[in-house]
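Data block below; observations after.
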Amino acid sequence: MSDELNYVLQARREKIAALAALGVVPFAYGFDRQQFAGQCAALLGDAADGPVVHLAGRVVALRAHGKTTFAHLGDPSGRVQLYFKRDVVGEIAYAVCDLLDLGDVIGVRGPLFRTRTGEVTVRVEHLELLAKSLRPLPFGKEEEVDGKVVRHAAFADGEQRSRQRYADLAVHPEVRALFTARSRMTTAIRGFLDALGYLEVETPVLQSMYGGAAAKPFVTQHNALDMPLFLRIADELYLKRLVVGGFERVYEIGHDFRNEGTDRTHNPEFTMLEFYEAYADYTTMMGRVEALLIAAAGAVRDALTAAGLASDAPAFDAAVLAGPFPRMEWLPALSQALHVADVTAMTDAELKAAAERAGVHNIATLSRPKLMDELFQHHVESHIERPTFVVDYPKELSPLAKPKRGNPALTERFELFARGKELANAFSELNDPLDQRQRFEVQARLKAAGDEEATGVDEDYLRAMEYGMPPMGGVGVGLDRLFMYLTGTAHIRDVILFPTMRPE
RNA sequence: GACCCGGUAGCUCAGUCGGUAGAGCAUGCGGCUUUUAACCGCCAGGUCGUGGGUUCGAUUCCCACCCGGGUCACCA
């Protein structure tokens with residue numbers, strides 16, 4: 001998009017001069033707003049005439065009829081019609097009205113009344129231009145059909161809507177409502193954890209050693225210290241240090257960064273919730289996750305309902321979200337899906353043949369547990385529709401989880417799935433520093449062998465653990481994906497205000 | 001990273017089997033003092049993503065690149 005002034009932009013700039021000739025400054029310092037558009041209907045009630053209102057907002061529709069003009073003013077509460085009549089506002093103000101454009105930010109004052117067609121309207125007596133719009137916002141025209149708003153020639157280019165989210169938001173109230181719902185969801189999650197005595201903390205984004213997950217990091221450089229720093233790929237190791245320190249229930253909501261490709265479920269920076277609770281095991285955490293999800297869904301449902309956006313998305317599905325969520329054991333579920341008595345009894349050749357049929361790639365390079373994991377993803381995970389806990393993962397797939405009591409081949413780990421996607425991942429956390437050191441060393445060897453996602457030995461973390469780390473349960477929840485699930489949104493870019501994109 | 005699709009006016013799109021492009025809305029001008037996808041009339045508006053190539057001539061065909069989307073790979 002060029003910044004050269006085309007005829008449209010030029011015309012708006014010329015209006016600045018015309019306004020100056022009328023003695024009007026096109027950019028104000030403030031306005032004494034006393035009501036919102038959404039209140040007007042109630043203020044007028046059934047009467048033909050109502051009280052004077054002071055409103056501010058953006059001109060979202062404009063219809064000039066010579067010596068009268070109709071417009072709609074949009075503000076955070078909704079929109080209301082404005083009626084400008086030359087005999088009422090006066091010559092000067094009407095001249096200003098004639099210079100109004102779609103998108104201008106204005107303040108108005110005047111009494112409410114009802115038009116011939118019954119619409120609640122402000123009979124504008126006083127008009128203030130608060131910010132002249134010098135660039136046309138991509139408003140579509142709207143009409144009401146059977147009570148529903150139909151938008152014509154709307155701003156539809158997904159790329160531009162993401163790049164210019166300010167314009168997307170300005171012309172699409174329902175997009176504002178969606179992001180409002182996201183904010184309410186986060187608030188509800190904070191409230192849920194705070195009520196349980198959790199402490200919200202902040203841990204480093206810039207780390208000299210990254211860990212807590214397997215992912216390629218972003219690297220940056222600290223000039224004064226002359227050293228490389230990594231953007232965190234997980235919060236986990238710092239939060240668990242805090243449990244050692246005596247903060248027994250901690251959580252953090254923040255961005256993690258992973259240097260990977262983008263697609264409909266991946267953005268290089270994304271919002272992660274992690275929470276850790278001393279003396280809890282994964283069973284306790286399962287209950288926490290279930291209650292947290294229900295609380296989050298309630299907040300999303302309430303916010304969307306308030307905006308008139310009730311739908312059939314999962315947040316509105318009482319049956320799905322009532323709990324308790326079904327539980328499914330990893331090994332028996334896989335055995336059942338493969339129609340065998342015990343998947344662990346299958347030979348390597350049988351597993352590979354099954355993987356072949358499932359369309360798994362690079363089968364030759366995969367270990368037995370990885371093959372089984374691929375089969376699990378293909379045959380089980382992708383078919384899970386309603387929120388379901390998958391419990392007790394094989395040890396090889398869960399390097400950070402404690403062995404399962406009574407069956408050391410498994411770990412005390414669960415993941416929550418819905419609509420075929422992972423929503424949460426949790427364990428009874430490993431708190432044995434000797435075991436932890438061995439696992440770090442395995443990672444270090446992988447890293448030395450060229451594995452870009454492996455991490456090194458975090459000596460400081462081991463030192464913390466050696467001081468004595470209480471047993472604890474820990475959970476990670478990707479909030480972008482949780483919100484996507486609850487709202488039925490297909491693309492992560494549609495739930496992130498400013499998704500990562502190449503520059504134009 | 002591979003493959004497929006797309007990029008034309010401010011917005012939404014059409015089109016040119018190769019002869020420098022159209023519509024609706026928006027903008028500008030004129031008319032209209034209760035309209036609501038307001039209406040009526042007139043005008044203007046485009047390096048057809050960028051750079052090369054073929055050609056008398058390229059927005060159209062070819063190549064490369066840029067940006068986006070989709071599928072796959074990757075993402076324990």
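Basis for what follows: all heavy atoms, side chains included, without hydrogens, waters or symmetry-related copies. All chains are named by letter (A, B, ...) in the order of the sequence lines, taking the proteins before the strands, and each is independently numbered beginning at 1. In this text the structure is predicted, and so the values were computed from the model without any measurement.
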Calculate the interatomic distance between A:Arg13 atom CZ and B:rU27 atom P; express it in whole Å.
17 Å
Using a heavy-atom cut-off of under 4.0 Å over every strand shown, decide if A:Glu159 touches base, sugar-phosphate, or nothing.
sugar-phosphate
Between B:rG70, B:rA76, B:rC67, which nucleotide gets closest to the side-chain atoms of A:Asp373?
B:rA76
Short side-chain N/O contact to B:rC66 OP1/OP2 from A:Arg502, under 4.0 Å:
no
Between A:Glu415 and A:Tyr393, is the side chain to side chain donor-acceptor pair (under 3.5 Å) condition met? List the steps.
CA-CA 9 Å; A:Glu415 294 196 300; A:Tyr393 281 65; 2.8 Å; yes
Take A:Gln39 and A:Gln35 through the test side chain to side chain donor-acceptor pair (under 3.5 Å) and record every step on the way to the result.
CA-CA 7 Å; A:Gln39 298 174 260; A:Gln35 290 85 18; over 6 Å; no
Base, sugar-phosphate, or nothing: which does A:Ile233 touch, judged by heavy atoms less than 4.0 Å apart?
nothing
Within the structure, does a side-chain N or O atom of A:Arg86 lie under 4.0 Å from either OP1 or OP2 of B:rU33?
no
Less than 4.0 angstrom between a side-chain N/O of A:Arg493 and OP1 or OP2 of B:rG69, yes or no?
yes
Interatomic distance at P, B:rU59 relative to B:rC43, whole Å:
28 Å
Applying a 3.5 Å limit to both distances, which nucleotide forms a Watson-Crick or G-U wobble pair with B:rC29?
B:rG41
Write down the distance separating the P atoms in B:rA73 and B:rA2, rounded off to the nearest Å.
16 Å
Residues A:Arg58 and A:Asp104 bridged, charged N to O under 4.0 Å
no
What nucleic acid atoms does A:Arg151 come within less than 4.0 Å of, heavy atoms only: base, sugar-phosphate, or nothing?
nothing
Strictly by Watson-Crick or wobble contacts shorter than 3.5 Å, is anything paired with B:rG19, and which nucleotide is it?
B:rC56
Pick the C1' atom in B:rU16 and in B:rU8, then give their distance to the nearest Å.
11 Å
A:Met501 has its side chain closest, among B:rA73, B:rG68, B:rU34, to B:rG68
Between B:rC29 and B:rG45, how far apart are the two C1' atoms, rounded to whole Å?
14 Å
Heavy atoms only, 4.0 Å cut-off, all strands: where does A:Asp87 land among base, sugar-phosphate and nothing?
base
Residue mapping more 5' on RNA chain B - nearest nucleotide basis, A:Asp157 or A:His72:
A:Asp157
What's the gap between B:rA26 and B:rA21 when it is taken at their P atoms, as a whole Å value?
25 Å
With rounding to whole Å, what would you report as the distance between B:rC61 and B:rC17 at their C1' atoms?
11 Å
is_close_aromatic(A:Phe414, A:Phe389), centroid dist under 6.0 Å
yes
Of the listed B:rU33, B:rU27, B:rU12, the closest approach to the A:Phe155 side chain comes from B:rU12
C1'-based separation of B:rA64 from B:rG24 [nearest Å]
36 Å
Heavy atoms only, 4.0 Å cut-off, all strands: where does A:Arg163 land among base, sugar-phosphate and nothing?
sugar-phosphate
When you match A:Pro138 and A:Asp263 each to their closest nucleotide on RNA chain B, which lands nearer the 5' end?
A:Pro138
Quick one: label A:Glu396 by what it contacts on the DNA or RNA (base, sugar-phosphate, nothing), any heavy atom closer than 4.0 Å.
nothing
Side-chain contact check for A:Thr68: nearest option of B:rA73, B:rG68, B:rU34 is B:rU34
Under 4.0 Å, counting only non-hydrogen atoms across every strand here, what does A:Arg116 touch: a base, just sugar-phosphate, or nothing?
base
Tell me whether A:Arg232 is salt-bridged to A:Glu252, with the criterion being a basic N under 4.0 Å from an acidic carboxylate O.
yes
Name the nucleic acid region contacted by A:Ala61, choosing base, sugar-phosphate or nothing; use a 4.0 angstrom heavy-atom cut-off, strictly under.
nothing
From C-beta outward on A:Asp101, which listed nucleotide comes closest to its side chain: B:rA76, B:rU71, B:rU27?
B:rU27
With a 3.5 Å cut-off and heavy atoms only, can you find an N or O donor on one side and an acceptor on the other between the side chain of A:Glu119 and the base of B:rU35?
no
Can I get a per-line list of side-chain donor-acceptor pairs under 3.5 Å for residues 71-83 of chain A, giving both atom names and the distance, sequence neighbours left out?
unit_1: A:His72; atom_1: NE2; unit_2: A:Glu119; atom_2: OE2; d: 2.8
unit_1: A:Asp75; atom_1: OD1; unit_2: A:Ser77; atom_2: N; d: 2.8
unit_1: A:Asp75; atom_1: OD1; unit_2: A:Ser77; atom_2: OG; d: 2.6
unit_1: A:Asp75; atom_1: OD1; unit_2: A:Gly78; atom_2: N; d: 3.3
unit_1: A:Asp75; atom_1: OD2; unit_2: A:Ala37; atom_2: N; d: 2.7
unit_1: A:Ser77; atom_1: OG; unit_2: A:Ala37; atom_2: N; d: 3.2
unit_1: A:Ser77; atom_1: OG; unit_2: A:Gly38; atom_2: N; d: 2.6
unit_1: A:Arg79; atom_1: NH1; unit_2: A:Glu142; atom_2: OE1; d: 2.9
unit_1: A:Gln81; atom_1: OE1; unit_2: A:Arg63; atom_2: NH2; d: 2.8
unit_1: A:Gln81; atom_1: NE2; unit_2: A:Thr121; atom_2: OG1; d: 3.0

Protein-nucleotide distance (A:His361, atom NE2; B:rC3, atom C1'), rounded to Å
13 Å
Can you tell me which residue pairs pass the ring pair (Phe, Tyr, Trp, His ring centres under 6.0 Å) test with a partner in residues 479-504 of chain A, sequence neighbours excluded?
none
Check every strand shown and say whether A:Phe113 touches a base, only sugar-phosphate, or nothing at a heavy-atom separation below 4.0 Å.
base
Mate of B:rG1 across any strand shown (Watson-Crick or G-U wobble, both atom pairs under 3.5 Å) is B:rC72
Do A:Tyr282 side-chain atoms and A:Gly474 backbone N/O form a donor-acceptor pair below 3.5 Å?
no
Is the distance between the ring centroids of A:Phe70 and A:His65 under 6.0 Å?
yes
Between A:Gln164 (CD) and B:rG68 (P), how many Å, whole number?
14 Å
Report the nucleotide, chosen from B:rG69, B:rA37, B:rC67, that has the shortest atom-to-atom distance to any side-chain atom of A:His491.
B:rG69
OP1 or OP2 of B:rU34 less than 4.0 angstrom from a side-chain nitrogen or oxygen of A:Arg63, does that happen here?
no
Can you identify which nucleotide, out of B:rG68, B:rU35, B:rG28, has its nearest atom closest to the A:His65 side chain?
B:rU35
When you compare B:rU55 with B:rU60, how far apart are their P atoms, in angstrom units rounded to a whole number?
16 Å
Under 3.5 Å between N/O atoms: give me all the protein pairs with nucleotides 24-26 of chain B, atom names plus distance.
unit_1: B:rC25; atom_1: O3'; unit_2: A:Lys141; atom_2: NZ; d: 3.0
unit_1: B:rA26; atom_1: OP1; unit_2: A:Lys141; atom_2: NZ; d: 2.5
unit_1: B:rA26; atom_1: N1; unit_2: A:Tyr7; atom_2: OH; d: 3.3

NA contact type, A:Ala215, heavy-atom cut-off 4.0 Å: base, sugar-phosphate, or nothing?
nothing
Between A:Lys67 (NZ) and B:rU34 (C1'), how many Å, whole number?
15 Å
Do the side chains of A:Asp458 and A:Arg241 get close enough for a salt bridge, i.e. N-O under 4.0 angstrom?
yes
Does NZ or CZ of A:Arg413 come closer than 6.0 Å to the centre of the six-membered ring of A:Phe427, within 45° of the ring's axis?
no
